[in-house]
Protein chains: 2
Amino acid sequence: MTGQQDMNAKDLRRGSSSEAVELPEGERPTLKTIAFMAGLGVTTVSRALKDAPEIGRATKNRVQLIAKQIGYRPNRAGVRLRTGKTNVISLVLNAQSEIMGLTSNMVYGISEILSQTPYHLTVTPYSAENDPMQPIRYIVETGSADGIIMSRTEPDDARVRYLTEHGIPFATHGRTEMGIEHPFHDFDNEAFAYKSARSLLIKGRKKIAMMAGPTSAVTYHRHLERGFSRAIEEGGAQAILVPDIDVDTSLGRIRDRTEEIMSGQNRPDGIVCCSGSAAIALVAGIEAAGLKIGRDVDLVSKQSSDVLKWFRPEIIVFNEDVRHAGRELARAVLRRIEGVDARELQSLSYPDE
Amino acid sequence: MTGQQDMNAKDLRRGSSSEAVELPEGERPTLKTIAFMAGLGVTTVSRALKDAPEIGRATKNRVQLIAKQIGYRPNRAGVRLRTGKTNVISLVLNAQSEIMGLTSNMVYGISEILSQTPYHLTVTPYSAENDPMQPIRYIVETGSADGIIMSRTEPDDARVRYLTEHGIPFATHGRTEMGIEHPFHDFDNEAFAYKSARSLLIKGRKKIAMMAGPTSAVTYHRHLERGFSRAIEEGGAQAILVPDIDVDTSLGRIRDRTEEIMSGQNRPDGIVCCSGSAAIALVAGIEAAGLKIGRDVDLVSKQSSDVLKWFRPEIIVFNEDVRHAGRELARAVLRRIEGVDARELQSLSYPDE
DNA sequence: TCCCAAATCTGAAACGTTACAGGTAGGCTA
DNA sequence: TAGCCTACCTGTAACGTTTCAGATTTGGGA
């Protein structure tokens, strides 16, 4: 009864004030729309929708029902302006380093998780010429995301330091070595390199080379080297160093350089490669040198799509599930935003044959 | 002089009113900050920053200088709330159809253009199980983007119709056939199929098959068929139909099916393929059937990364520059948002050997 | 001298949301 | 009966921007 009277009183009050509230408006419904329909104040509606304790059970149910019925969705700009919360996760990527499907799978993995939340995903690539800090600084200065996911993590990563200092939630694809605990997901490249080298040793290969990550700059390069060296030492084999090409090198250059090396004196009889597309260029170089995979040399590669599986001649392949990495990273930033301790948001995935 | 006096008067007035404006605030500068510094009203500052005609030259210069000095950037939420303009372009993608680097290159191409504008890029993948309309509807209903870029365009595309009716700017990767003029960028798949088939005919191939786009659903499938048929007819060759596999088929299935076909009676001696990764699976199938590329059968493929260039055995390759497509599409939506006529925003790119 | 127009500038209101600081009604205690 | 607590609800202000409807000043013409 009282409620009903209130509502009428309110209608009148509203109607007489400047703007008349038309109910079946073609516009998007707002809190005001619901408030009018329910005969309540917008404050109450706002609280009812987020299950605040000071609102009665019955009212909550009624408000939530109306909201669902008319398809209410909070206006992001309103929320963002008022609270500063953007509901955006930003993926910061290096535009150069595209290891066959890496970016796409990462994006899809992240989206899988975000699609069940109010979060949107924005993608911010930066080119190699630019400072990797630039997009990060932009996001922080303009407050354009609640959390950041980034790759190409370095042992001493300026971005990690900066974001930690500013208290911005983030997760990295790859680990750091700077004594700062932060959320990450990493593929166990040490295990991959170890297993890869082992599989070559088992085939009787004795002079083994590795095509690693962007030299030393990126942390996983160190992991690869660690696993690789361990296997080499254990197997009493010889490591052949090829420091002048890495995953970032153009495929043409990789092919040419491989041909050179494979035509040289001390050529490897086994190669560990950590990128699917580079592997294809390697094969081209090897064959250009007149050698045959499986006979003169064996090749093990990591891949992040399943293309290499069908590649002939046969390459031993370990899979890195980047989509899974995307899911893990998304989950990690979200939970970090919720305040979960960074140490609980660190995960590793293992090479899968 | 007068200016100076005004400023003092204003400072005083402000200072005495409720909120004291502290200058060296650690917060992000807003219009109010500039207004205070310049001794002007926020309205004037807002107008001065966008070169409105009713503001004096001197004032504009002064305001713009201050803005630059203190690194002012408009608050997106404020603008969005007030004007409804999001400064967001949304890329809507099918998560399944990853034709080797397509997504990444598209994203990078778009970003290249957007990075010089106030626009951000959000990515919204949808899975094959879901209705392709769903993300589109979401964007329109929540007003979460000023423009949309989408791929997998169909001859009669519900999304195109919906967006056109709602007056939302968009650009498609691929053409429609529904009599609606809209911005698009397309790779000339007809020319590609024609040239590809021609190159096989020139090698003396007479029974030619094609691995086309997702059957008939997507427009470019028709273009491929048109170009293909034309070449076949002109060359008096025989087209071998393989309707049960297409680019969306899993690589494993493509390989197996290819082996079947190539082991059969009426096997093709030339194949046109429109996806790089599918080509690799094709080769696997061909070799599994005991045949040799270059001797028993020739293969022409489209590719969107340069991986196939180094693939052995040698495949004839035409390049589709998806990054360029991304740039074109981004430019198209932006100009469409500015109100440019759709017919001026339609472009085609040609196969490049 | 007065009036008008042009050139500049102005405050208030509004977009949709949440936080703050209450307000009211009803029931319970003393 | 008074006083107080609890449960529930409320209006106002604020986030930063742009739009609206003026306000003020200046210069010039009559």
Side-chain angles (χ1 to χ4, degrees), chain A residues 1-3 5-7 9-10 13-14 17-19 21 25 27-36 38-63 67 72-87 118 142-143, chain B residues 1-3 5-7 9-10 13-14 17-19 21 25 27-36 38-50 52-60 62-63 67 72-87 118 142-143:
Chain A
M1 282 301 126
T2 333
Q5 281 172 359
D6 268 337
M7 195 158 125
K10 224 150 285 151
R13 223 183 304 148
R14 298 261 166 98
S17 87
S18 55
E19 19 99 44
V21 178
E25 37 191 342
E27 301 300 311
R28 261 180 82 189
T30 69
L31 288 181
K32 202 152 96 184
T33 318
I34 302 179
F36 175 72
L40 294 166
V42 293
T43 304
T44 310
V45 173
S46 170
R47 299 236 263 246
L49 287 177
K50 44 177 64 67
D51 252 334
E54 55 268 78
I55 305 295
R57 206 33 300 145
T59 308
K60 276 185 195 168
N61 290 341
R62 200 156 56 94
V63 167
Y72 168 78
R73 295 166 194 266
N75 179 305
R76 311 187 116 232
V79 175
R80 180 163 171 179
L81 182 56
R82 178 66 238 234
T83 64
K85 173 138 176 112
T86 61
N87 281 301
T142 62
Chain B
M1 284 306 124
T2 330
Q5 281 172 358
D6 270 338
M7 198 156 124
K10 226 148 285 153
R13 223 184 302 149
R14 298 256 168 101
S17 87
S18 56
E19 19 98 46
V21 179
E25 39 195 338
E27 302 300 309
R28 260 179 83 189
T30 69
L31 287 181
K32 203 152 96 182
T33 318
I34 301 178
F36 176 72
L40 294 166
V42 292
T43 304
T44 311
V45 172
S46 171
R47 299 237 261 247
L49 286 177
K50 47 177 60 67
E54 56 269 77
I55 305 296
R57 202 41 292 146
T59 308
K60 277 185 194 168
R62 200 155 56 95
V63 167
Y72 168 77
R73 296 165 193 268
N75 178 306
R76 311 188 117 232
V79 175
R80 180 163 170 179
L81 182 56
R82 176 66 235 236
T83 64
K85 172 137 179 117
T86 62
N87 281 302
T142 63

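Chain letters run A, B, ... following the sequence lines, proteins first, then strands; residues in each count from 1. FYI, side chains are in, hydrogens and waters are out, and symmetry mates aren't considered; it's all heavy atoms of this structure. These numbers were taken from a predicted model, which means no experiment stands behind them.
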(request) To the nearest 0.5 angstrom, please state how far the CG atom of Asn75(A) sits from the CZ atom of Arg82(A). (result) 14.5 Å
(message) Can you tell me which nucleotide in dT18(D), dT17(C), dG16(D) comes closest to the side chain of Ser46(B)?
(response) dT18(D)
(request) Nearest-nucleotide wise, let me know which of Lys50(A) and Gly56(B) is further upstream toward the 5' end of DNA chain C. (result) Gly56(B)
(request) Identify which nucleotide among dT10(D), dT18(D), dG16(D) has an atom closest to any side-chain atom of Thr83(B), counting heavy atoms from C-beta outward. (result) dT18(D)
(request) Applying side chain to side chain contact (heavy atoms under 4.5 Å, CB included), run through Ile55(A) and Val63(A) and close with a yes or a no. (result) CA-CA 11 Å; Ile55(A) 305 295; Val63(A) 167; over 6 Å; no
(message) Run Asn87(B) and Arg80(B) through side chain to side chain contact (heavy atoms under 4.5 Å, CB included) and show every step you take.
(response) CA-CA 8 Å; Asn87(B) 281 302; Arg80(B) 180 163 170 179; over 6 Å; no
(message) Using 0.5 Å steps for rounding, measure from the OG1 atom of Thr30(B) to the CZ atom of Arg73(B).
(response) 15.0 Å
(message) So if I take every side-chain heavy atom of Thr43(A) and compare against dG16(C), dT10(C), dT12(D), which nucleotide ends up nearest?
(response) dT12(D)
(request) Report yes if a donor N or O on one partner sits less than 3.5 Å from an acceptor N or O on the other, where the partners are the side chain of Arg47(B) and the base of dT10(C); otherwise report no. (result) yes
(request) Would you mind reading off the distance between Ile34(B) atom CD1 and dT18(D) atom P, rounded to a whole angstrom? (result) 11 Å
(message) Given dA12(C), dC8(D), dT17(C), identify the nucleotide with an atom nearest to the side chain of Glu54(A).
(response) dC8(D)
(request) Check the distance between dA14(D)'s C1' and Lys32(B)'s NZ and give it to me in whole angstrom. (result) 9 Å
(request) Rounded off to whole Å, could you give me the CG-to-P distance for the Leu81(A) and dA19(C) pair? (result) 13 Å
(request) Name the closest nucleotide to the Thr59(B) side chain, picking from dT18(D), dT18(C), dT8(C). (result) dT8(C)
(request) Would you mind reading off the distance between Arg57(A) atom CZ and dA7(D) atom P, rounded to a whole angstrom? (result) 15 Å
(message) If I take atom CG in residue Asn87(B) and atom P in nucleotide dT17(D), what distance separates them, rounded to the nearest angstrom?
(response) 13 Å
(request) May I have the distance from Leu40(A) (atom CG) to dT18(C) (atom C1'), rounded to whole angstrom? (result) 17 Å
(request) Take the protein atom CZ of Arg76(A) and the nucleotide atom P of dC15(D), then report the distance between them rounded to whole Å. (result) 22 Å
(message) Can you tell me which nucleotide in dG16(D), dT17(C), dT18(D) comes closest to the side chain of Val79(A)?
(response) dT17(C)
(message) What's Leu31(A) touching, base or sugar-phosphate or nothing? Going by heavy atoms closer than 4.0 Å.
(response) base
(message) Under a 3.5 Å distance rule, please check whether Arg76(A) uses its side chain to pair with a backbone N or O of Thr142(B) as donor and acceptor.
(response) no
(message) Whole angstroms only, please: what is the NZ-C1' distance between Lys85(B) and dG16(D)?
(response) 17 Å
(request) Side chain of Arg82(A) only, please: which of dT17(C), dC9(D), dT17(D) is the nearest? (result) dT17(C)
